[in-house]
*Asks:* 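Below: one structure in structure tokens.
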Amino acid sequence: MSELPFAVTLDAGSSRANHTGTWRVERPVYVDRLPPCNDACPAGENIQHWLYDAEAGSYEAAWRTLVEDNPLPAICGRVCFHPCEAACNRGKLDEAVGIHAVERFLGDAAIAQGWRLPAPAAPSGRRVLVVGAGPSGLSVAYHLTRLGHEVEIREAAPRPGGMLRYGIPKYRLPREVIDAEVAKIGNLGVVIRCGLAVTDIAGSMEEGGFDAAYLAFGAQLSHRVQIPAADSARVLDALAFLAGTEAAEPPAIGRRVVVYGGGDTAMDAARSAKRLGATEAVIVYRRNRERMPAHPVEVEEALAEGVTVRWLSTIARVNRDRIVIEKMELDTAGFPQPTGEFTELGADCVILALGQDADLAPLAALEDVEVRDGAVVVDAHLMTGRPGVFAGGDMVPADRTVTVAIGHGKRAARNIDRWLAGAPEAAAPRHNLAAFDKLNTWYYADAPRTVQPELEAVRRQTGFEEVVGGLDGSNALYEARRCLSCGNCFECDNCYGVCPDNAVSKLGPGERYAFDYDYCKGCGICVAECPCGAIVMVPELI
Amino acid sequence: MFQVRIHGRGGQGVVTAAELLAVAAFNDGRHAQAFPSFGSERTGAPVVSFCRISEREIRTRSPIDEPDALVIQDATLLHQVGLFSGLRPQGYVLVNTKKSLAEIGVAGFVAELPKGHVLTLRATEIALQHLGRPLPNAVLLGGFAALTGAVSLAAVVTAIEDRFSGPMREGNVTAVTEAFNQTRAELEGAATLERRSVGAAPD
Amino acid sequence: MLRQIEGSRAVGESVALCRPRVVCAYPISPQTHIIEGVGALVKSGRLRSCEFINVESEFAAMSVSIGASAAGVRAYTATSSQGLLYMAEAVFNASGLGLPIVMTVANRAVGAPINIWNDHSDAMALRDSGWIQLFAETNQEAVDLHIQAFRLAEELSAPVMVCMDGFILTHAVERVEIPTQEQVDRFLPPFAPQQVLDPAAPVSIGAMVGPEAFTEVRYLAQARQLEALDRIPELASEFERVLGRPSGGLVSAYRNEDAETTVVALGSIVGTIKDVVDQMREQGTKIGVVSLTTFRPYPEQALAEALEDAHRVVVVEKAFAIGGRGILGADVDALVSDRGTRTYTVVAGLGGRAITEAALRRVFGEAIRGELDRVSFLDLDRGVVDRELARMAQDPRTAPSVERVLRDVRESAARIV
Amino acid sequence: MTEQTIKFYQVGSFAVGNRLVDPHLRTVQSDRVRPNALTSGHRACQGCGEALGARYVLDAALAATDRKLVVVNATGCLEVFSTPYPETSWQVAWMHSLFGNAAAVATGVAAALKVRGETATRVIAQAGDGGAADIGFGCLSGMFERNDDVLFVCYDNQAYMNTGVQRSGATPAAARTATTEAIGREPGNAFGQGKNLPLLAMAHEIPYVATASVADLHDLEAKVERAMGLRGARYLHVLVPCPLGWGSASRDTIRLARLACETGLFPLFEAAHGEILATTPIRRPVRVEAYLRPQRRFAHLFAEPPRTDDIARIQAIADRNIRRFGLLGLPPEEGR
């Protein structure tokens with residue numbers, strides 16, 4: 001073929017010499033946003049990240065990502081009230097991703113597969129005393145050990161777990177799960193000494209050569225109220241009762257049990273009573289359902305199991321086989337006020353579940369540790385007034401939940417580490433939140449949440465078998481894949497595909513994409529069509 | 001140069017006749033030029049076609065307004081104005097009819113033409129007899145050959161054989177030959193009276 | 001092989017011998033027999049590996065040819081009159097893209113009033129389309145010019161239009177020498193396109209060219225046409241060598257040596273003029289005729305040489321630039337007037353009006369005696385025109401004059417017949 | 001259940017690809033080394049739907065034909081913005097002849113390829129709605145009727161955009177263009193019978209007719225692949241929003257294409273030999289207002305007082321499509 005006709009015929013692809021990027025007044029930029037689930041997690045888990053691993057079927061990788069923040073996934077997956085799911089953007093689309101179910105699946109898989117927690121860093125030569133082997137103590141011990149510090153946990157109870165073991169019934173949290181995850185932490189070299197109550201903190205640190213201490217002995221004293229009662233009346237406190245269910249010889253409660261209180265412990269007590277053979281388990285609560293502190297799920301499960309509730313009632317007196325109840329009414333401020341109306345209710349036993357207090361006696365000796373409203377005062381780094389002594393969990397002012405306690409442990413570990421190193425705090429910058437309005441949900445296929453199998457009601461009332469079952473491999477994958485990856489690129493190729501100017505380069509698996517600003521005209525289609533809101537337009541600085 | 005004008009109606013093969021005549025002349029080793037009266041004629045409408053025959057190359061493209069011969073395929077055209085216009089004094093006329101010249105009443109027009117230059121031929125009848133179809137055009141060329149001697153019978157037959165196939169071919173060849181012989185006979189009949197030779201070569 | 005054959009069929013044979021690979025057919029008189037002929041040769045298998053496509057319009061006919069040519073095969077089509085104008089846009093496009101398409105134009109008048117008969121209005125309307133335009137005097141020349149046209153088009157990457165008079169040539173049955181395939185193959189090599197749509201070596205054909213380069217594109221097109229002025233005579237002589245017959249070229253002169261009066265014309269009318277020249281020479285008139293086989297590119301130099309000794313030039317042409325003057329006439333006048341040569345334009349044969357030898361003898365005589373208008377219409381019916389002009393003078397708002405003139409002509413015709 | 005068989009819920013079937021989707025299930029556009037038949041540096045407006053559509057269709061066709069493809073382009077935006085001397089954005093064998101003759105030129109190319117025995121090389125003709133529905137319809141219909149081996153793709157942006165947004169035979173009712181101003185008693189384009197090119201193509205009973213949208217890439221690519229798998233005349237009608245002509249935000253190009261389908265105003269379907277084979281059901285039905293409101297060419301419908309009557313007529317058109325094509329997953333209307 002001879003020379004091409006001048007001008008009329010052109011060689012292919014020559015327009016790349018024409019840099020249309022100069023037309024642009026705004027430029028697209030890739031960003032990472034903070035997913036609502038991560039934002040809401042008290043333990044500071046990178047939930048989206050471990051779901052990203054899980055959705056690829058890489059369960060061990062997912063578990064490893066998970067335990068970067070929380071060493072107790074099998075436990076949290078069962079007992080955490082998962083604020084992450086309340087925050088999940090998918091909830092606005094169909095239903096929230098069943099994050100806790102996947103977490104539990106990963107935790108259980110780790111137990112079944114015998115995956116080991118990441119090995120500790122090189123020994124720092126520093127020793128830290130942890131008081132209390134509850135979730136917070138276990139968490140801090142784990143993180144400190146990974147940082148290379150030597151940790152010893154002292155626990156007053158005969159076995160580790162604290163409220164996990166003595167506050168939560170086994171039908172919600174099987175004990176072998178506690179044992180397995182505690183064992184993983186023990187395997188890292190954490191020394192856990194049970195049946196050893198610490199009464200003299202300073203002395204113990206001195207004698208044990210500890211450079212710092214973390215106090216997490218929780219709140220195990222049941223709150224006491226004065227109720228007129230006949231000598232013959234049988235009155236128990238909830239924590240003792242629940243702890244008793246752990247013992248070989250469970251406490252005698254009779255057929256008709258009244259539980260006084262409206263928190264989760266009240267629910268646990270009532271449901272446990274049922275399991276111990278009570279034909280009636282009646283909860284007496286002074287306010288109405290809306291104002292009940294117990295977690296709704298707990299209430300529903302309790303009612304489903306035949307527990308009944310007397311709303312707007314207080315116990316005026318306890319007799320041998322019956323109690324007197326006074327009707328209440330809420331004032332404008334929502335506080336219950338007596339009405340003077342009384343009724344009676346048959347009861348072989350009354351269990352008081354009116355909240356717990358921390359036993360702060362051991363702190364009395366530490367004059368520089370301030371105690372206010374029955375809680376230890378700590379600074380932003382969870383350090384008490386006494387340098388090197390930190391505190392967390394139920395004994396500091398915060399929500400008293402397992403996950404919050406675990407979160408305290410993680411934070412405290414970082415802070416103790418810095419304190420030991422004498423390093424200043426280096427606060428990591430937080431990304432902007434990936435709110436629902438940042439998403440283009442068209443690109444997400446419809447996928448309803450998987451329902452975890454539940455133990456049928458009859459079997460629930462006859463034993464302490466675990467009520468809620470777990471996911472299997474396939475539906476865990478399914479559930480993980482329901483994640484919208486809010487605010488963070490998951491390489492769907494949309495931007496690469498929808499650019500009319502081929503101004504997006506695909507960098508390959510895990511490498512995401514790059515804009516070619518030589519050609520990008522700034523139309524913004526990539527921003528509009530990004531499913532997860534990981535691109536923003538910023539003005540060109542001309 | 002010998003120039004022929006053929007009159008007929010659309011569908012009677014007027015144009016074909018001129019072409020066959022040209023091919024026949026070509027077969028005789030002469031130059032020939034056949035062309036229709038260009039236009040979009042429809043069946044039944046009066047149609048004219050032309051043919052020039054010459055010893056030399058024919059260059060002119062002008063219409064034939066002074067023909068040496070007229071072939072009239074359809075007697076109903078006879079009284080059309082200008083049918084005989086431009087006919088040379090020594091010209092020939094061949095009319096397709098079974099009637100006599102007197103009967104068709106053209107005596108007046110052809111009075112001054114030489115004796116034996118005006119003949120009638122029952123071409124349609126002959127065509128029906130040999131082709132089973134009223135297609136007089138080829139048949140008339142047989143009579144034309146005999147009347148004018150402008151082309152040989154053999155050349156006409158060859159032209160027909162090249163042009164047609166099957167029964168049309170056979171039928172036309174027979175018909176043309178019969179037409180030629182009839183005409184020749186008719187002329188000879190006249191000649192015995194007139195002592196006149198026929199088939200004079202064209203100028 | 002020497003045959004007594006209709007012009008259209010002869011051209012069909014000739015085109016087939018050139019082995020076109022894509023042929024488009026759309027009927028229009030008087031072109032139709034040509035494309036029917038080619039179609040029959042494809043159907044019968046005599047013309048092999050050729051796509052014969054019945055298209056929906058002349059516009060499509062040229063467009064399909066454009067695509068085929070751009071895809072690297074030899075493409076051919078034929079048309080007339082309204083058809084040529086209907087495809088006009090594509091005609092310009094083919095030359096602009098430098099595609100060597102060959103097209104026969106069976107010349108016919110352009111309406112309204114609709115008229116199927118011969119003149120050159122159609123070809124002249126596309127005079128500036130960038131195509132090379134060749135005019136055939138005889139059917140023999142028409143046959144030969146097509147063979148040369150493909151060679152010329154493909155050498156220059158420019159389309160060629162072979163013009164032949166509708167009916168007068170297309171429907172005339174006369175003696176024509178049809179070359180052998182072997183002869184044509186020797187003269188016409190296989191098509192080697194300058195550009196081709198090839199997925200393996202992609203290019204973009206038909207870019208948009210702005211003011212910065214459009215002039216240059218046009219200049220190069222002109223250069224290509226001027227190149228044709230050199231190639232056409234060379235090809236003509238090579239053609240004679242291979243096929244043993246002179247044909248084509250730029251201009252051809254007949255008895256023009258020592259001629260004081262030279263007639264210039266295009267196409268089949270030249271034959272009639274030659275007879276008239278002979279007749280007038282016999283009376284001692286020094287007259288000759290020069291015909292342009294190549295009209296575009298305009299063979300300025302060759303024509304100028306042919307007209308060097310003429311005292312006067314009479315241009316007989318079958319077209320007229322309404323509002324202007326003769327088209328060929330103007331070209332010729334521009335060429336010779338500065339030497340003081342007087343030129344006359346005789347517009348003749350419009351819409352198939354017969355051009356008689358007598359009429360030609362008359363106007364040539366008038367020209368020689370200096371009695372001829374610079375521009376005149378041969379055999380114009382003055383009566384009709386004068387009556388119409390008079391009527392228009394009285395009432396400017398009458399029906400289109402053209403209709404009236406036609407009616408009068410019909411009336412007078414009825415009186416004659 | 002094995003991993004492959006699990007649908008990837010972050011993407012479903014709407015996005016253009018994903019790290020966990022099987023390679024064979026990914027779109028051509030998601031390929032890191034896709035052909036880019038129309039490459040960077042072209043002069044299309046920001047957010048040009050036609051530039052997208054052309055790349056989507058031709059890349060898919062190149063993939064389906066092992067890159068043996070010739071493209072014929074009618075005059076129009078696509079041609080002007082892609083090939084201004086001295087640069088061309090095409091990376092395929094491409095030619096432009098005229099506005100109205102793309103189908104015929106393609107016929108010529110196909111015929112040439114046939115006689116050259118290069119039957120593996122396929123031909124696509126592409127034009128805007130003007131070059132297909134109006135000035136080019138004669139040639140298009142002829143190509144259909146002869147069943148020439150050409151896929152004709154119409155990138156429908158519903159007006160003559162190249163010349164400054166004038167009405168075409170494909171301009172929707174009530175739309176404002178430079179020649180159907182939004183003034184007077186009947187503002188915008190009149191409510192006529194419309195010129196439904198896909199149905200006209202079906203009337204030719206050619207082997208394949210389909211409609212597609214730049215908002216549903218999997219669907220579009222599947223249709224191109226299907227079309228390239230067939231011989232004879234095929235027709236693909238792609239809706240390509242034009243930010244300039246529609247008066248929409250450049251970032252909304254794909255969103256509007258999506259809404260056109262979800263309202264029922266632009267039904268997605270496939271037909272063979274004149275009979276509808278399949279329709280792509282509407283996923284999340286919406287009223288036409290959602291589609292009309294973001295476009296300035298319909299702004300007069302929402303002025304004071306709003307033209308509820310016209311909006312209702314447009315909704316009726318959408319409803320008829322939904323009935324006729326069974327766009328809600330119901331069987332297509334009988335005796336269509």
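As the structure is a computational prediction, the values presented were derived from the model and not from experiment. Here is how names work: the chains are called A, B, and so on, in the same order as the sequence lines, proteins then strands, and each is numbered from 1.
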*Asks:* Measuring only between side-chain heavy atoms, which start at C-beta, is Arg146(D) closer than 4.5 Å to Val55(C)?
*Replies:* yes

*Asks:* Is it the case that atom CZ in Arg186(C) sees more than 12 heavy atoms from other parts of the structure closer than 6.0 Å?
*Replies:* yes

*Asks:* If you count every heavy atom of other residues, nucleotides or ligands that lies below 6.0 Å from Leu244(D) atom CG, does the total exceed 12?
*Replies:* no

*Asks:* Measure Ala90(C) against the heavy atoms of chain D and call it side chain, backbone, both or neither at under 4.5 Å.
*Replies:* both

*Asks:* Top residue by heavy-atom pair count (under 4.5 Å) with chain C, among Ala111(D), Pro84(D), Pro86(D), Ser97(D)?
*Replies:* Ser97(D)

*Asks:* Closest heavy-atom contact between Ala93(D) and Pro202(C)?
*Replies:* N-CB, 3.4 Å

*Asks:* Going from CE on Met143(D) to CD1 on Ile53(C), what distance comes out if it is rounded to the nearest 0.5 angstrom?
*Replies:* 12.0 Å

*Asks:* Rounded at 0.5 Å granularity, tell me how far CZ in Arg43(D) sits from CE in Met208(C).
*Replies:* 11.0 Å

*Asks:* Select, from Ser63(C), Ala68(C), Gly206(C), the one with the greatest count of heavy-atom pairs under 4.5 Å involving chain D.
*Replies:* Ser63(C)

*Asks:* Are there more than 12 heavy atoms of other residues, nucleotides or ligands under 6.0 Å from atom NZ of Lys68(D)?
*Replies:* no

*Asks:* For the SG atom of Cys50(C) and the NZ atom of Lys114(D), what is their distance to the nearest 0.5 Å?
*Replies:* 10.5 Å

*Asks:* Taking every heavy-atom pair that is under 4.5 Å apart, which of Phe99(D), Trp90(D), Tyr85(D) has the most such pairs with chain C?
*Replies:* Tyr85(D)

*Asks:* Answer yes or no: does atom CD of Glu225(D) have more than 12 heavy-atom neighbours from other residues, nucleotides or ligands under 6.0 Å?
*Replies:* no

*Asks:* Do Phe59(C) and Leu98(D) make a side-chain contact, defined as non-hydrogen atoms from C-beta onward lying under 4.5 Å apart?
*Replies:* yes

*Asks:* Side chain, backbone, both or neither: which part of Cys24(C) has a non-hydrogen atom closer than 4.5 Å to chain D?
*Replies:* neither

*Asks:* Less than 4.5 Å to any heavy atom of chain D: does that hold for the side chain of Val22(C), its backbone, both, or neither?
*Replies:* side chain

*Asks:* Please flag which part of Glu79(D) lies under 4.5 Å from any non-hydrogen atom of chain C: side chain, backbone, both or neither.
*Replies:* side chain

*Asks:* Name the one of Thr121(D), Val92(D), Leu69(D) that satisfies side chain to side chain contact (heavy atoms under 4.5 Å, CB included) with Pro199(C)?
*Replies:* Thr121(D)

*Asks:* Distance check, rounded to the nearest 0.5 Å: Thr107(D) atom OG1 versus Ile66(C) atom CD1?
*Replies:* 12.5 Å

*Asks:* What distance separates Glu89(C) CD from Ile135(D) CD1, expressed to the nearest 0.5 Å?
*Replies:* 6.0 Å

*Asks:* With chain C as the partner, which of Val71(D), Thr83(D), Leu62(D) has the greatest number of non-hydrogen pairs under 4.5 Å?
*Replies:* Thr83(D)

*Asks:* Pick one of side chain, backbone, both or neither for Ser204(C), based on which atoms fall under 4.5 Å of a heavy atom in chain D.
*Replies:* both

*Asks:* Evaluate the side chain to side chain contact (heavy atoms under 4.5 Å, CB included) criterion for residues His96(D) and Ile205(C): first the C-alpha distance (whole Å), next the side-chain angles of each, then the deciding distance (0.1 Å), finally the verdict.
*Replies:* CA-CA 6 Å; His96(D) 159 248; Ile205(C) 300 176; over 6 Å; no

*Asks:* Please report the interatomic distance OG(Ser141(D)) to CD(Glu56(C)), rounded to the nearest 0.5 Å.
*Replies:* 7.5 Å

*Asks:* Looking at residues at least two apart in the chain, or sitting in another chain, which of them share a salt bridge (Lys or Arg N to Asp or Glu O under 4.0 Å) with Arg32(D)?
*Replies:* none

*Asks:* Examine whether an atom of Arg67(D) lies under 4.5 Å from a heavy atom of chain C, and if so say whether it belongs to the side chain, the backbone or both; otherwise answer neither.
*Replies:* backbone

*Asks:* Check whether Leu97(C) gets within reach of chain D through its side chain, its backbone, both or neither, counting any heavy atom under 4.5 Å.
*Replies:* side chain

*Asks:* Does CZ belonging to Arg231(D) count more than 12 external heavy atoms closer than 6.0 Å?
*Replies:* yes

